[in-house]
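Note that this is a predicted model, so its numbers are computed, not measured.
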Amino acid sequence: MYCKRKRTKMKDKKILYVEDDLSLIEGLKYTLEKNGFQVDNARTVKEAYQFFRSGRYDLLLLDVTLPDGTGFDICKEVRKTSAVPIIYLTASDEEISIIRGLDMGGDDYITKPFKLGEVLSRINALLRRFAQFNKSDMILESNGIRIDMSERVCWKGETELPLTLVEYKLLCQRIDSEETGDWYSLFHRNNELAAILSAQAEHEKQTRNL
């Protein structure tokens, strides 16, 4: 069946925002709270673990570079027990870094400097997708591509596509952008898809040659 897109209320959704830059914390936290989210801010990896273990969160926003570690460290630890959506906030746009973050279990990334409206849109889109992933027997279809989100399997016609985790997530994001009319995100992702998959192929080639 086709995915039905409905407006979802984000009121009472809780976000753990891990960031140590005070100039960024105030503006983003205010924007999120103004749009109905509850936000806790941790400024170190240690604080993030304490918040996460003592609370229930619907999404994590992780700065990659922190005083006592990285957002990758947090993602790796969280993925041992939780499938909560994770978005990285990073000043690095290097493809290898992006691939590493996604392969470790991250769901999206946003490069600094960012616009507050874009962050809000990305959060809302990811929460919608996550809610759909949690539904059993959910099939998403677009332009001849069919995705079984409960099994994380993709087909083109009757042929199963051997996608990596990174390719699967980017394909889901692209289809979501098409169906929600998020043309800025779609254009942005199309360019990123080509660059990231090219870098991933090169990375896998180098790994095999070691």
Side-chain angles (χ1 to χ4, degrees), residues 8-131 133-134 165-166 169-170 173 176 182 184-185 188-189 192 196 199:
T8 56
K9 294 181 179 179
M10 297 302 170
K11 186 178 180 181
D12 298 328
K13 294 290 185 181
K14 196 170 182 180
I15 293 175
L16 177 57
Y17 176 29
V18 185
E19 173 65 73
D20 66 318
D21 188 337
L22 295 178
S23 65
L24 296 176
I25 293 171
E26 184 176 352
L28 183 52
K29 190 170 185 290
Y30 172 80
T31 298
L32 293 173
E33 290 176 340
K34 185 178 179 181
N35 284 273
F37 293 98
Q38 299 178 41
V39 183
D40 286 334
N41 172 232
R43 300 182 185 179
T44 65
V45 171
K46 183 178 179 180
E47 286 184 3
Y49 289 156
Q50 292 172 343
F51 272 110
F52 187 76
R53 289 165 182 161
S54 62
R56 185 195 67 80
Y57 294 95
D58 298 288
L59 183 139
L60 305 187
L61 279 176
L62 305 179
D63 183 25
V64 171
T65 305
L66 296 163
D68 58 342
T70 71
F72 297 145
D73 298 329
I74 298 173
C75 180
K76 184 177 180 180
E77 183 66 22
V78 166
R79 283 293 176 253
K80 293 178 180 178
T81 59
S82 174
V84 62
I86 293 176
I87 298 178
Y88 294 111
L89 303 175
T90 174
S92 173
D93 60 355
E94 294 184 359
E95 288 87 356
I96 295 300
S97 177
I98 293 169
I99 290 170
R100 178 189 174 193
L102 294 175
D103 278 344
M104 290 183 70
D107 297 287
D108 200 358
Y109 66 91
I110 301 173
T111 304
K112 299 177 182 177
F114 49 73
K115 295 181 180 180
L116 296 178
E118 180 187 356
V119 176
L120 185 62
S121 293
R122 296 276 194 98
I123 289 172
N124 288 334
L126 182 53
L127 287 174
R128 285 195 302 270
R129 286 196 297 272
F130 186 74
F133 288 158
N134 284 338
L165 179 60
V166 174
K169 289 181 176 180
L170 290 173
Q173 290 171 354
D176 182 76
D182 185 358
Y184 171 82
S185 179
H188 189 59
R189 289 292 174 187
E192 288 174 347
I196 290 173

Determine yes or no for a side-chain-to-main-chain donor-acceptor pair under 3.5 angstrom, with Y88 supplying the side chain and G101 the backbone.
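Confirmed, Y88 side chain pairs with G101 backbone.
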Please check this pair: side chain of N41 against backbone of Y17, looking for a donor-acceptor N/O pair closer than 3.5 Å.
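Yes, because the side chain of N41 sits within donor-acceptor range (under 3.5 Å) of the backbone of Y17.
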Residues F114, L28; criterion side chain to side chain contact (heavy atoms under 4.5 Å, CB included); working and verdict:
CA-CA 10 Å; F114 49 73; L28 183 52; 4.3 Å; yes
Only one of D21, T90, D63 passes side-chain hydrogen bond (donor to acceptor under 3.5 Å, both in side chains) with K112; say which it is.
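Testing K112 for a side-chain hydrogen bond (donor to acceptor under 3.5 Å, both in side chains) against D21, T90, D63 leaves exactly one candidate, D63.
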If you take all heavy atoms of [X] and [Y], which pair is closest and at what distance?
{"X": "R56", "Y": "K14", "value": "O-CD, 3.5 Å"}
{"X": "I15", "Y": "Y57", "value": "C-CD2, 3.6 Å"}
{"X": "G106", "Y": "C75", "value": "N-SG, 3.7 Å"}
{"X": "T44", "Y": "P67", "value": "CG2-CG, 4.4 Å"}
{"X": "R79", "Y": "M104", "value": "CG-O, 3.8 Å"}
{"X": "V18", "Y": "A48", "value": "CG2-CB, 3.8 Å"}

Value rounded to 0.5 Å, distance of [atom1] in [X] from [atom2] in [Y]:
{"X": "E47", "Y": "D20", "atom1": "CD", "atom2": "CG", "result": "10.0 Å"}
{"X": "D107", "Y": "L59", "atom1": "CG", "atom2": "CG", "result": "8.0 Å"}
{"X": "I86", "Y": "F130", "atom1": "CD1", "atom2": "CZ", "result": "10.0 Å"}
{"X": "L89", "Y": "L61", "atom1": "CG", "atom2": "CG", "result": "5.0 Å"}
{"X": "L127", "Y": "R122", "atom1": "CG", "atom2": "CZ", "result": "13.5 Å"}
{"X": "R43", "Y": "L22", "atom1": "CZ", "atom2": "CG", "result": "4.5 Å"}

Tell me if the CD atom of Q50 is crowded by more than 12 foreign heavy atoms within 6.0 Å.
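Yes - once you tally the heavy atoms of other residues, nucleotides and ligands closer than 6.0 Å, there are more than 12.
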Would you check if there is a donor-acceptor pair between the side chains of T70 and D73 at a distance under 3.5 Å?
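Indeed, the side chains of D73 and T70 share at least one donor-acceptor pair under 3.5 Å.
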Could you go through R129 and L126, starting from their C-alpha distance and side-chain angles, then the distance that decides it, and tell me whether this counts as side chain to side chain contact (heavy atoms under 4.5 Å, CB included)?
CA-CA 5 Å; R129 286 196 297 272; L126 182 53; 3.7 Å; yes
Evaluate I123 against L32 for side chain to side chain contact (heavy atoms under 4.5 Å, CB included), listing each step before the verdict.
CA-CA 10 Å; I123 289 172; L32 293 173; 3.6 Å; yes
Under a 4.0 Å threshold between the charged nitrogen and the carboxylate oxygen, would K46 count as salt-bridged to D68?
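The answer is no: the pair does not qualify as a salt bridge.
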Side-chain heavy atoms of L66 within contact of I74, under 4.5 Å:
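Side-chain contact under 4.5 Å: yes.
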Pair D58-F37, side chain to side chain contact (heavy atoms under 4.5 Å, CB included): steps then yes or no:
CA-CA 10 Å; D58 298 288; F37 293 98; over 6 Å; no
